[in-house]
Amino acid sequence: MSFLSPIWFIALAALGIPVLIHLWNIRPGKTLKVGSISLITEASKTTSRSFKLLEILLLILRCLLLALLAFFLAGPLWAWFAPEKKAKGWVLIPKENLKESYQKFKPQVDSLLKAGFEFHYFNKGFTTADLKPVLADTTLKDTVTQANYWRLVKQLDEKARGVPQIYLYTPNGLCHFTGSKPVIKSRINWSTYTQADSTSRWIAGAWLNNSGEVKVLLGNSNPLGTQFSEMQVEAGGDGDLQLTVQNGRPLVSLKGAKQQAIAVDTSRISVAIYTDKYALDAHYLQAALKAATAFMGRKAVVKQYASPNQIPAGQTWLFWLSDMPVDGRLATNCKNVFQYEGDKTLDVHTVINLGDIALTKRTTHMDEGTVLWQDGFGWALLRREQADRTNTYHFYTHFNPAWNDLVWNDAFPKQILQLLNDKPYALPAENEKRVLSHQQLMPYYIINSYTPSSITATDPKDISPYFWLLIVFVFAAERWLSHRIKSTTNG
């Protein structure tokens, strides 16, 4: 038996109360009737106390009632134990990689199963199965999965606590290991292998540049790493790349690959710069923007305007280098708005966190939103605020050598490029072919004092209702006996 709140056993101290009550009995004296009291001398009044246990059955019932109440408050649980099935251990293989994994480790798996090990799928729930008929199924095909093996190993550590030996066979692809490496108590014999399909080549993106040429970003992944390279596609295709037009849209595909043709991005990045009195700032920014867009190879145009009315709505980027509020028409119709902020100039002596870049002037700031750049004191220099379809970037210094050394630093065009490319490319799981070494993928083990037992406890059951029934029964018996004793004494 176990208890949810054993602290309530402190209530057992109340058992001393009925014992003291029964020990401390004040009994009234008896009255003796006589014919005359003239010959009786006056005596001092005395009180008779008797330290003897009387009505022992009533005392037992009252103590039992208090004890049952303490047990009820402690939340009693009942668990019984059943013999464990005698199995030497488990053999686990992911269901989606069953055939390939089995062929890689066939001698080991067969010998373990012959020795009395149980086979389980290395999937959620770790269900058991008979391996022979499963392998005999000719329709069974290995599939691509994104299962997180580290998460499954953590679940296995809890599920198989008490299994004497565990043997696990899986691929070692990087796509199966995300998050933090788990810490477990069970000792797992984990063997891995590199899958046969260990190389991948695919089109990561395609776009049109200012010269009307189609640029393609090719991805190439293998167990040693993943690389990206840019290629220019000629009309009709070039080498392994094929360029076609469907419904007026250019498509590019990789010959001999399973990947479907992807559409060429023909959109244009439009960047507008407005300033009224910060012409030098606009000059440095325009140079950085042209360098960044040229490096991107995307179809882009960068233009500076002297009046807000001249700026067309729908700009991809609007750089507002002015102390005036952003024009309302542009603030809601541009995808990204970068603006100078702060009405008070502060002289400081610190750096910008992009590197050892001196910062001598800044403006007052607010820390709401996502902070992208900071100064050496941890104060925001650039923060992003998202609202509806517009991202607003609040900048608390200027693009000017009198304010900082940012415009002279190599980090300036790199950071502008990062702003323009705010959505990093995500590598699809089916194309990720990098692998981890055995040392990298193995979980951390902690000292385990647990010894597998031949018996296991079933789920505990709440038995507090039974204690409540006993309390009612004992209370009724105590009241009945107390009433009977009073009736006898008065009679």
Side-chain angles (χ1 to χ4, degrees), residues 205-215 217 230 264-341 352 354 369-370 372-373 381-401 403-404 406-425:
W207 60 89
L208 203 63
N209 64 12
N210 285 334
S211 302
E213 300 168 334
V214 176
K215 288 288 190 73
L217 182 65
E230 285 188 9
V264 177
D265 186 2
T266 58
S267 63
R268 184 183 67 173
I269 299 176
S270 55
V271 182
I273 304 173
Y274 167 73
T275 187
D276 45 8
K277 58 181 180 179
Y278 299 116
L280 184 61
D281 301 33
H283 172 75
Y284 287 115
L285 176 62
Q286 188 173 24
L289 285 168
K290 288 183 177 180
T293 54
F295 183 83
M296 292 171 61
R298 297 284 302 274
K299 189 177 180 181
V301 58
V302 179
K303 192 173 181 180
Q304 182 176 337
Y305 297 89
S307 171
N309 297 328
Q310 299 174 351
I311 304 176
Q315 297 289 316
T316 310
W317 279 88
L318 170 63
F319 286 86
W320 189 267
L321 309 185
S322 174
D323 296 330
M324 298 188 305
V326 180
D327 185 273
R329 176 182 63 89
L330 300 173
T332 57
N333 290 302
C334 294
K335 187 176 180 181
N336 301 280
V337 177
F338 189 107
Q339 61 187 63
Y340 279 173
E341 287 285 2
I352 302 175
L354 304 177
T370 304
L372 303 180
W373 300 352
L381 279 179
L382 178 65
R383 65 180 181 91
R384 179 176 60 200
E385 185 180 5
Q386 295 178 313
D388 298 329
R389 294 176 296 176
T390 302
N391 296 320
T392 304
Y393 295 79
H394 304 273
F395 193 43
Y396 300 103
T397 184
H398 286 189
F399 296 127
N400 193 299
W403 287 65
N404 53 68
L406 177 62
V407 295
W408 297 115
N409 198 283
D410 293 340
F412 184 37
K414 293 179 182 179
Q415 292 302 319
I416 295 297
L417 174 62
Q418 187 173 343
L419 287 177
L420 300 181
N421 260 339
D422 59 344
K423 293 183 179 179
Y425 174 71

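In what follows, every heavy atom counts, from backbone to side chain, and hydrogens, waters and symmetry copies are set aside. This structure is a prediction, so every number in the text was calculated from the model and none was measured. Sequential numbering from 1 along the given sequence is applied to the chain's residues.
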Kindly give the heavy-atom pair with the smallest separation between [X] and [Y], and that separation in Å.
{"X": "G297", "Y": "W207", "result": "O-NE1, 2.7 Å"}
{"X": "G314", "Y": "S270", "result": "O-OG, 4.1 Å"}
{"X": "L419", "Y": "W317", "result": "O-CZ2, 3.1 Å"}
{"X": "I311", "Y": "A272", "result": "CG2-CB, 3.9 Å"}
{"X": "N421", "Y": "M296", "result": "OD1-CE, 3.7 Å"}
{"X": "S267", "Y": "R298", "result": "OG-NH2, 3.8 Å"}

Is the side chain of [X] donor-acceptor paired with the backbone N or O of [Y] at a distance under 3.5 Å, no angle test?
{"X": "N391", "Y": "E385", "answer": "no"}
{"X": "T390", "Y": "A387", "answer": "no"}
{"X": "N210", "Y": "A300", "answer": "yes"}
{"X": "N209", "Y": "G212", "answer": "yes"}
{"X": "R329", "Y": "P308", "answer": "yes"}
{"X": "S322", "Y": "M324", "answer": "yes"}
{"X": "N400", "Y": "D281", "answer": "no"}
{"X": "T275", "Y": "L321", "answer": "yes"}

I'd like to know whether F395 forms a side-chain contact (heavy atoms from CB on, under 4.5 Å) with T397, so could you lay out the CA-CA distance, the side-chain angles of the two residues, the decisive distance to 0.1 Å, and finally the verdict. CA-CA 6 Å; F395 193 43; T397 184; 3.2 Å; yes
Hey, does [Y] have a side-chain heavy atom less than 4.5 Å from the side chain of [X]?
{"X": "C334", "Y": "V337", "result": "yes"}
{"X": "R384", "Y": "T392", "result": "no"}
{"X": "R383", "Y": "T370", "result": "no"}
{"X": "Q339", "Y": "H394", "result": "yes"}
{"X": "I273", "Y": "V302", "result": "yes"}
{"X": "L289", "Y": "L420", "result": "yes"}
{"X": "I269", "Y": "K299", "result": "no"}
{"X": "F338", "Y": "L382", "result": "yes"}

Aromatic plane relationship, W320 with Y274 - under 30° parallel, 30 to 60° tilted, over 60° perpendicular: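 Because their plane-to-plane angle lies in the 30° to 60° range, the rings of Y274 and W320 count as tilted.
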Criterion side-chain contact (heavy atoms from CB on, under 4.5 Å) on L372 and Q415, from CA distance to verdict: CA-CA 10 Å; L372 303 180; Q415 292 302 319; over 6 Å; no
Would L406 and Y284 count as a side-chain contact (heavy atoms from CB on, under 4.5 Å) here? Give the steps. CA-CA 10 Å; L406 177 62; Y284 287 115; over 6 Å; no
What about the rings of [X] and [Y], do their centers lie closer together than 6.0 Å?
{"X": "Y278", "Y": "Y340", "answer": "yes"}
{"X": "F412", "Y": "F399", "answer": "yes"}
{"X": "W373", "Y": "Y396", "answer": "no"}

Distance in Å, N404 CG paired with H398 NE2, rounded so as to fall on 0.5 Å steps: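 One gets 10.0 Å once the value is rounded to the nearest 0.5 Å.
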When rounded to the nearest 0.5 angstrom, what distance separates CG in L354 from CG in N409?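 So the CG of L354 and the CG of N409 are separated by 8.0 Å.
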